[in-house]
Amino acid sequence: MQEAFLVFITKISLYPTIIFTGLVMFVTLYWVVSLLGMADMDTVELGESGGEVADLSSAGFFTGLMLKFGLYGVPLIIILSLVSLIGWLLSYLYTSFLHQYFDSSILYYLFGTGALVFVLVVSMWLTGLIISPIRKNIAKIPKRNSSNNVGKIAVVRTLSVTDKHGEAVLNDGGAGLILKIRSDINDNSLKQGDKVVLVEYLDEANTYRVTPVKDK
């Protein structure tokens with residue numbers, strides 16, 4: 001059992017699997033931090049307008065690549081998680097069955113780099129296929145009038161709230177809505193558990209500007 005575990009650790013530490021191992025560790029840590037309320041999940045905006053994807057020729061290389069593979073319309077961390085997990089699995093299979101035929105020479109890194117590129121492309125393609133129905137279903141859901149929440153009181157769930165970061169939970173009579181919030185006050189006066197008033201809905205950023213509830 002211990003020997004098998006050591007073999008497993010060795011394989012996930014070999015190039016190119018080590019790169020995806022690092023990515024998996026990163027997204028796992030991010031999810032843990034997010035669940036603890038220390039970070040919020042921002043959605044990726046890749047130039048969609050009126051349901052149409054932006055022209056790839058006018059987008060940056062990285063953004064254009066993501067659009068080409070259909071990697072948009074859901075939170076970026078979900079995309080990164082899927083790409084990391086699929087890439088880790090495929091690269092682990094490569095390390096287990098093919099990479100063992102090359103020693104630590106130029107062929108080791110040459111074939112490893114080729115496998116890295118191939119696995120990354122396949123992972124992005126498969127991730128695009130997975131999130132495609134999710135993205136389409138989200139688009140079909142009638143959008144709730146978020147401006148109706150203005151004036152309501154929510155409770156901060158992140159450790160702090162700034163003009164770039166923050167989340168709060170709004171009691172909607174059910175499980176509660178997790179909302180992205182922003183504050184013009186950057187002195188860390190708002191902290192987890194504080195009550196805030198939703199004073200303005202920022203449509204483009206899909207966030208609320210908030211102020212602390214004043215004690216009577």
Side-chain angles (χ1 to χ4, degrees), residues 1-46 60-138 157-160 162 164-167 169 175 178 180 191-192:
M1 185 69 178
Q2 184 177 2
E3 183 179 352
F5 179 73
L6 291 176
V7 171
F8 172 76
I9 294 298
T10 300
K11 288 182 179 180
I12 66 174
S13 301
L14 293 175
Y15 179 79
T17 310
I18 184 64
I19 296 177
F20 291 100
T21 299
L23 286 174
V24 169
M25 293 175 64
F26 169 78
V27 296
T28 301
L29 178 62
Y30 188 95
W31 279 111
V32 172
V33 170
S34 180
L35 290 174
L36 292 176
M38 298 171 65
D40 57 351
M41 293 192 303
D42 290 326
T43 55
V44 58
E45 300 292 341
L46 296 177
F61 174 77
F62 180 71
T63 302
L65 192 63
M66 293 187 70
L67 287 172
K68 186 173 183 179
F69 282 99
L71 305 180
Y72 60 90
V74 299
L76 181 58
I77 187 61
I78 293 179
I79 295 174
L80 186 57
S81 297
L82 287 172
V83 171
S84 300
L85 288 172
I86 296 172
W88 181 85
L89 178 60
L90 293 177
S91 61
Y92 179 79
L93 293 175
Y94 166 78
T95 302
S96 299
F97 297 105
L98 295 177
H99 212 34
Q100 57 183 315
Y101 296 109
F102 306 108
D103 56 13
S104 298
S105 63
I106 188 172
L107 288 179
Y108 177 89
Y109 293 100
L110 183 63
F111 279 88
T113 301
L116 173 63
V117 174
F118 176 78
V119 167
L120 185 59
V121 170
V122 173
S123 300
M124 295 174 69
W125 175 67
L126 289 175
T127 299
L129 291 180
I130 292 172
I131 68 173
S132 178
I134 300 175
R135 184 177 62 249
K136 291 177 180 178
N137 289 333
I138 290 176
R157 72 181 294 267
T158 45
L159 294 182
S160 63
T162 67
K164 295 182 174 61
H165 161 82
E167 282 185 350
V169 178
I178 297 179
K180 291 194 294 182
K191 58 185 182 301
Q192 193 174 49

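Keep in mind that the numbers below use all heavy atoms, side chains included, and drop hydrogens, waters and symmetry copies.
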Plane angle bin for Tyr15 and Tyr109 - parallel if under 30°, tilted between 30 and 60°, otherwise perpendicular: tilted
Minimum heavy-atom distance between Thr158 and His165, given as atom pair plus value: CB-NE2, 3.8 Å
CD1-CG distance between Ile19 and Leu14, expressed to the nearest 0.5 angstrom: 12.0 Å
Atom pair CZ/CD1 of Phe111 and Ile106 - distance to nearest 0.5 Å: 11.0 Å
Where Leu82 and Ile131 come nearest, the two heavy atoms and their spacing: CD1-CG2, 3.7 Å
Inter-residue atom distance Ser81.OG - Leu76.CG, 0.5 Å rounding: 9.0 Å
Closest non-hydrogen atom pair between Arg157 and Ile178, with its separation: CD-CG2, 3.8 Å
Closest non-hydrogen atom pair, Leu90 against Ser123: CD1-OG, 4.1 Å
Geometric class of the Tyr30/Phe26 ring pair [parallel <30°, tilted 30-60°, perpendicular >60°]: tilted
Distance in Å, Thr95 OG1 paired with Phe20 CZ, rounded so as to fall on 0.5 Å steps: 10.0 Å
Atom pair CD (Gln192) and CD (Glu167), whose distance is rounded to the nearest 0.5 Å: 11.0 Å
Heavy-atom check, side chain of Lys11 versus side chain of Thr17, under 4.5 Å: no
Minimum heavy-atom distance Gly112-Pro16, with the two atoms named: O-CG, 3.5 Å
Test item: Trp125 and Ile86 side chains (from C-beta on) under 4.5 Å apart, heavy atoms: no
Gap between atom OG of Ser132 and atom OH of Tyr72 - 0.5 Å precision: 7.5 Å
Polar side-chain atom of Thr21 near backbone of Ile12 as donor-acceptor pair, under 3.5 Å: yes
Among Ile78, Leu85, Ile77, Val83, side-chain contact (heavy atoms from CB on, under 4.5 Å) partner for Val27: Ile77
Thr127: partners by side-chain hydrogen bond (donor to acceptor under 3.5 Å, both in side chains), with sequence neighbours left out: none
